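Since this is a predicted model, take the numbers as computed values, not measurements. First the proteins, then the strands, lettered A, B, ... as listed; each starts at 1.
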Amino acid sequence: MTVTDTAPLKLNGRRHAPSRAGRSGGRGLLRHVRRYWQLWLMALPAMVFVAIFAYFPMYGLQLAFREFDFSAGLTGGDWVGLKYFRQFFDSAQFWTLMRNTVVISVTTVVVGFIAPIFLALLVNQVVGRRRKKFFQTVTYLPHFISIVVIVGMLQVFLSPTSGLITRVAQFFGATDVNYLGDTSTFVPVYVISEVWQHCGWNSIIYLAALASVDTQLYEAARIDGAGRMTIIRHIDFPALVPTMIVLLILNMGNVLNTGFEKIFLMQNPLNLGVSEVIATYVYKIGILSNQFSYATAIGLFNTMINFAFLVITNQIAKRVSNTSLW
Amino acid sequence: MKRSVRRRTTAAVSVAAVAALMLGACSGGGENGGGGDGNTVHILVTKHALTGPMADMAWVSDLEEMADVTIVWEEISSDWDQKKSTMLAAGDIPDLIVGVNAITDADLVTFNGLFEDLSDDMDALPNVQGMFDAVPATEVMATQPDGEIFSVPSYRRFWPETTTRQYINQEWLDNLDLEVPTTWDELFDVLTAFKEEDANGNGDPNDEIPMDWAPPGNSGFGGFQATSLLSSLGMPISDGGSSTYFVEDGQVGSIFTDPRYRTVVEFLRECYAAGLISEEVMTQDYSTYQSVGRGNGDTATVGFSWGWTASDRFGPQLADQYTATAPLAAEGVDPSEVVWSYDDYYLNYGVNAITMSAQTDVHDAALRVIDAFYDQDMSLQVLWGDFGTNIEKTGDDSYTVLPPADGQTDPSTWKWTTTLADLGPGWIRDDIDVQLPADLDEAVTQAEPLAEALSHVDPVADVFPIQFFSLRSEDSSTISLNEANFASIAMQNWATWVTEGGVDTAWDAYLQELDAAGVNQNLEIYQRYYDDYVASLG
């Protein structure tokens, strides 16, 4: 980002006198392109990529408003307007799905947002380069374990008869809890394992922000008699705020996107009441039952909500802290 | 100045080079497989995860020779469901798709126009026509409501009538001096004894699991599950209840809303509360369930369960400890009403075993391949493996399926490793003589105690014949939408009621909830199709 932003300025300053600038409309654009064509050329592959893989496929969205008819092609089915949206809102599953999706994803976003910050502050306090690196590596390694393996591990550790964690919990008095089946334990199990897996990885970006804090600030604070907690509160934490806000906004754009694979693998008949989310329902309806229009409508609805969340969070962040994506 | 020009040129060249590389990478995958010479047939085949490459099967070259074609295989061993939707939606399919139910009836309806209608090509398919004449059920299975034939089923003939057999550990019974239970009450007492005493004699009275069953899916039941107890009450289910519907005296019903289902749930709740059922019964996956059944060495851990054969369910080492038993009687039910899951249409027939693309440019060659699959010798080789290594031809119409060549694998695994087995197309003739492999023999023998109960099932009036239904597009989508809604509600209640109880208070509200989710609408639709099916049998 920074590189592409500053590069034209440099070129501009070096080669052309400011007095020549300020010509009108179309000719200005032409001159602009002629002057910076290398940069446009460099950006071109990325623009083409986004256009082909992000914007072009959007024409398929009209499927949500049409009856899917294979012989007539993707865009040839009869126009049915909001039929499929209504079908979804009227469906017996609608409120269950919405509630489950919101509960799981909001908990994951909140806990998954706070935990890496604490971890980064903690890692930053570890004395000794090697110890710090070791600690950091240990915390981010689980990120690379595949989801299937994670769920397999959960099944083994939480098995009601032989699971390690179940046994330990029994030792502390929590008997008769089926962590895999109980409706009240599904969300905690999901969120805690999710945070455990990704916390270390997500803290890397905060560690980078902390590394850029001017050491003079620490020295000055220590001379003024600041303790460790005071330094964290008044120097480290404020240094993280801009990063936190950008990440929060980005996370809010995914607020209804629960991790499909993990939830799908963790589902069993006992926890279905809390584990059926929009993503798994769309899979069952759209992919397994060939209801393409219906699945597209649900997907579009999901995206609209995510988009709304993204915009709202961005506006709030802009007002409150002057940091925003746009 | 000169230097700066050169630098600009270099920059432009490198940018262009990068762009070219990216574009090149994009177009790399678009190579076409060729074909069109009238002799090369592209076939997509869905295989079991164990099955080896097609190139290792000797019958493949016989097939090529017989049909006078060259076959290019595309072999799919996993995740077909995910790949399929996109492939079909893109309309880009190979000449033939092979594999039982690789293309489902719902696909045939959704993607109308993508598949070739074979009904006008029957002259070129004498073997298939022969099967339709000899086994009329296969023709009913293949024919759509408007008479088209988009795919051909397979017929295997030798399989038993049911998937699920019921087993109890005879050694445990002998150790505790008990009789084989014949009623629910007796079963409860036997299971209690299994739980409280050291039935397997290893000194630990707590390591016995009195009862266990296969993990139910999130959308329905299946073989080897507790739904087998429904048959004690006379509910004629098929395929272990996987469709969630049943037919009784010509009336389509839903397992989920039947009072007899509630009775079974109440009985299982009692068992679960008394600690007679594995605690993991609702959460374990299939491989855990299977490995638990295999016990530790010579020590069995499971007392009472359901399975395909004793050696498949409990492992060859423990198989001898178990005895196959007859269905249990429930209080107040006449023995003549006791039935058992009737799975003949599922076990002996394979729906949509081979499907042809409508856009194929090797129409005639593809037809020759289809017909070759239904040849007498070819069908046997596709099912059990190559002549010589897997089957010995002992006479004109008599064959012997040989034991595994490596002497270690079990016959079932051996079959799945070496050929397409049950997933392949084919027609096993009714008039040939085949010496069956040991696994099938075992399945047939251990199904004997169930024979009487199965004889109470009328194959037409008491079987939900889902294999024969070809749903119209609008019915198909109504049914699957409703199922997605009510099946998950029902399965969750099933699991909760068995493990935590509460069926008494929740039952009426549950019935209303299921009705709102469309269960009765589905029954009406299926009743219509069922009546049409009965009419088509004449």
Subject >> Min side-chain heavy-atom separation Gln284(B)-Leu180(A) under 4.5 Å >> reply: no
**OP:** Give a yes-or-no answer on whether the side chains of Asp81(B) and Tyr283(A) include a donor-acceptor pair shorter than 3.5 Å.
**Re:** no
Original post:
Under a 4.5 Å heavy-atom cutoff, which of Glu280(B), Glu279(B), Met491(B) has the most pairs with chain A?
Top reply: Glu280(B)
Subject >> Side-chain heavy atoms of Ser480(B) within contact of Gln291(A), under 4.5 Å >> reply: yes
Subject >> Spacing of OH belonging to Tyr281(A) relative to OG belonging to Ser488(B), to within rounding of 0.5 Å >> reply: 8.0 Å
Original post:
Is there a side-chain contact between Phe292(A) and Ser85(B) (heavy atoms, below 4.5 Å)?
Top reply: yes
Original post:
Would you say Asn485(B) and Ser91(A) make side-chain contact, with heavy atoms under 4.5 Å?
Top reply: yes
Original post:
Has Tyr286(B) got more than 12 heavy atoms of other residues, nucleotides or ligands less than 6.0 Å from its OH?
Top reply: yes
Subject >> Side-chain touch Asn268(A)/Met282(B), heavy atoms, less than 4.5 angstrom >> reply: no
**OP:** Report yes if some heavy atom in the side chain of Gln492(B) is under 4.5 Å from a heavy atom in the side chain of Pro269(A); otherwise report no.
**Re:** no
Subject >> Side-chain heavy atoms of Leu272(A) within contact of Ile489(B), under 4.5 Å >> reply: no
**OP:** Pick one of side chain, backbone, both or neither for Ile479(B), based on which atoms fall under 4.5 Å of a heavy atom in chain A.
**Re:** neither
